[in-house]
Protein chains: 2
Amino acid sequence: MGITTRQIAKQFKIHHSTVSRALQDDPRISEARRKEIKQFAKKKNYVPNMIAKSFFSKKTYTIGIIVSDLTNSFFSTVTKGIEDFVNQKDYSVFICNTDESIDEEKKDLNTLLEKRVEGIIVASATLDKKYFSELSKIEAPIVLIDRFPLNAPLSYVGINNFEAAYKATKYLLSLGHRRIAHIMGRLESERMQGYSQALKDAGIKNTSNYITQSGLRINDGYKAMQELLKFKQRPTAVLAVTDAVGMGAIAAIKDEGLDVPRDISICGFDDIEYSQFTNPPLTAIRQPVYEIGRRAAEILLNDIKNKHSDLRSKRTHVLLDTELVIRKSCKKLKQK
Amino acid sequence: MGITTRQIAKQFKIHHSTVSRALQDDPRISEARRKEIKQFAKKKNYVPNMIAKSFFSKKTYTIGIIVSDLTNSFFSTVTKGIEDFVNQKDYSVFICNTDESIDEEKKDLNTLLEKRVEGIIVASATLDKKYFSELSKIEAPIVLIDRFPLNAPLSYVGINNFEAAYKATKYLLSLGHRRIAHIMGRLESERMQGYSQALKDAGIKNTSNYITQSGLRINDGYKAMQELLKFKQRPTAVLAVTDAVGMGAIAAIKDEGLDVPRDISICGFDDIEYSQFTNPPLTAIRQPVYEIGRRAAEILLNDIKNKHSDLRSKRTHVLLDTELVIRKSCKKLKQK
DNA sequence: CTGAAAGCGCTTACAG
DNA sequence: CTGAAAGCGCTTACAG
């Protein structure tokens, strides 16, 4: 193992507390001593033991991030936003994937707490109120991202999902579509509600007819679209819960010998980097993904700093703006 | 802060070592004691302090991963592969982004070492031999991925880049292309060499004419392609150093009013999930990305376990197979 | 300017 | 079956 302050001290026949002080540039230690100690430490590749430091100071300079799947472009981008921000402040980050399992999430949470992270950012695999009220009792600051019940007793940053989905659906309606389907996510019911409301506001009944549930990945979208394709009256447009699902849907449509947007229009949600390159380029709601991560990190670090003061914002709720990015995957329907 | 073993001990007027043992299910502690202690601990939300445990045991159950950019599909997939594997063994992972900066990489490495990770997996931002020989002196096991000089004095897992690029270039040649360009990466010179060798073997001189260097992202590919488009004799095919670069190249070609593959064929490298959805679908060399992560994790954990024994494989070199996935972005040239 | 002590929360030999 | 002690590598009041 690495050399310790005690071993350095022995070398100079001094006390290890002096070594500790010299290494910290304590002005009370004489210039000469400091120099020789630091030089020796360097030569011996001394690496301060943060575990011991943390043990003493109660500061670990680490936070944890819990997401469902890093492979998902949304989550890797959020994570990058978080990492970039906290790194500047000398924090490290533990990353945990839950694969949408709430049990895994609880396990991860526990591990993080055992490792004494100073704060946690979580995109939860559940929306269970009880769970969140438990979370809010945890001492370490927590910031929710992406998934959260509005008015959860915790800080969160994300978007207004209802509004965004409403906006997307209205766009589809404005193109003349009436049979608009929605491939919804397990936890993305706000988006589904925004979709439904838009249909209702347009005077469309039975808005739940064309709703099918799916996972968030490409394959999930493929399968969900296959289901929608079985309807005798096929939808003419589909609002997908994520871009990846939208891509899967496009693939399913093509495999059926149909065309996007000629036969069916597709609107995505996220606007990941690759969506501009699909065929056709995907029209989608854009979330400021990186920014979501950055803001969450900012709030978390702030809560950590003010942990013991009243400045701690136990409940900062940030909803960032979304934007409908119109590309080529949605077609205007001819008037009948 | 959370409750400690001492506080629990006080509650029952016993010694904290007894509490420690009860919590560990030490059979020497009486059934009754154990039960009441565990129950009380649970009620009080006792969370064992891993920092203290690590401090004692010298095991932190954490590893570090250093990559250039998590936003890059390749790296997030590798990371997932690593995480999934080590999680089963109860390890946590620190994730560090270097953004291709070697200074940042060194800083990250140092932080990881201070935090006493038990091992590190790194996709380095450099190929400097001196650097790697320094790395090899570090006590913690290290496994290199993606970027490494062949025969580096460290374990690594990746692919045979030379061979893969050779294979891709040969495919382009077989399609009748002669003016084949290569958008190379800063560190991907093996791929470039495979490309050059294939051209040479086909009797093509001046193989460096059509080589241009670029970053690894979409935008980088866009800019690099713009340069290639300026040649009086434009290339008829391009081997891109990554899929993302290939996508950028396609965009640049289209923006110039040209078509892929009609005017220029594009071959990617990686075969990320999104490449099947581009327009046209991207022909690319497929790397077993997730598997690279998994294997690297396996070797690392093995080295950690055998750290002090001869079983430690200080230099396991694994090169996984690649495959050329033919889709629609490369066209057969007509015979003249 | 430097030293000796105490303590952070655990665990594990050593006793009994 | 349980206790008391020592120690992991640091830091920081307290002395002098």
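Just so we're clear, the structure is a prediction, and the values are computed from it rather than from any experiment. Chain letters run A, B, ... following the sequence lines, proteins first and then strands; every chain starts at 1.
Residue-level contact check: A/R33 touches the backbone only, with heavy atoms under 4.0 Å from sugar-phosphate atoms and none from bases. As judged by a 4.0 angstrom heavy-atom cut-off over every strand, A/I51 is placed among residues making no nucleic acid contact.
Applying the 4.0 Å criterion to OP1 and OP2 of C/dC10, one finds that B/Y46 has a side-chain N or O inside that range. In this model, the phosphate group of D/dT11 is not approached by any side-chain N or O of A/S57 to a distance below 4.0 Å at OP1 or OP2. Between B/S30 and D/dT2 there is a side-chain polar atom (N or O) within less than 4.0 angstrom of OP1 or OP2.
Using a 4.0 Å cut-off on heavy atoms, none of the residues of residues 36-45 of chain B approach DNA chain D. The stretch residues 16-25 of chain B touches DNA chain D through B/S17, B/T18, B/R21, each having a heavy atom within less than 4.0 Å of the strand.
Atom CD1 of B/I3 and atom C1' of C/dC8 are 16 Å apart (whole Å). Between the CZ atom of B/F12 and the C1' atom of D/dC1 there is a distance of 16 Å, rounded to whole Å. The distance from atom CZ of A/R28 to atom C1' of D/dA15 is 11 Å, rounded to the nearest whole Å.
By the 30° and 60° cut-offs, the orientation of the rings of B/F40 relative to B/F12 is perpendicular.
Because its NZ or CZ atom is both nearer than 6.0 Å to the ring centre of A/Y61 and within 45° of the ring axis, A/K59 counts as a cation-pi partner of that residue. A/K89 forms no cation-pi arrangement with A/Y91, by the criterion of a distance under 6.0 Å to the ring centre and an angle within 45° of the ring axis. With B/Y290 as the aromatic partner, B/K80 does not meet the cation-pi criteria of under 6.0 angstrom to the ring centre and within 45 degrees of the ring axis.
Residue B/D26 is the one, among A/H15 and B/D26, whose nearest nucleotide of DNA chain D lies closer to the 5' end (criterion: closest heavy atom).
Across all non-hydrogen atoms, the minimal contact from A/L319 to A/F148 is CD1-CZ, 4.2 Å.
No option in B/E104, B/E100, B/E105 other than B/E105 meets the side chain to side chain contact (heavy atoms under 4.5 Å, CB included) test with B/I102.
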Could you please spell out the steps behind the side-chain hydrogen bond (donor to acceptor under 3.5 Å, both in side chains) verdict for B/Q7 and B/Y46? CA-CA 10 Å; B/Q7 292 172 50; B/Y46 170 74; over 6 Å; no
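Aromatic stacking is marked for B/F55 over D/dC8, as both cut-offs hold: 5.5 Å for the centres and 30° for the planes.
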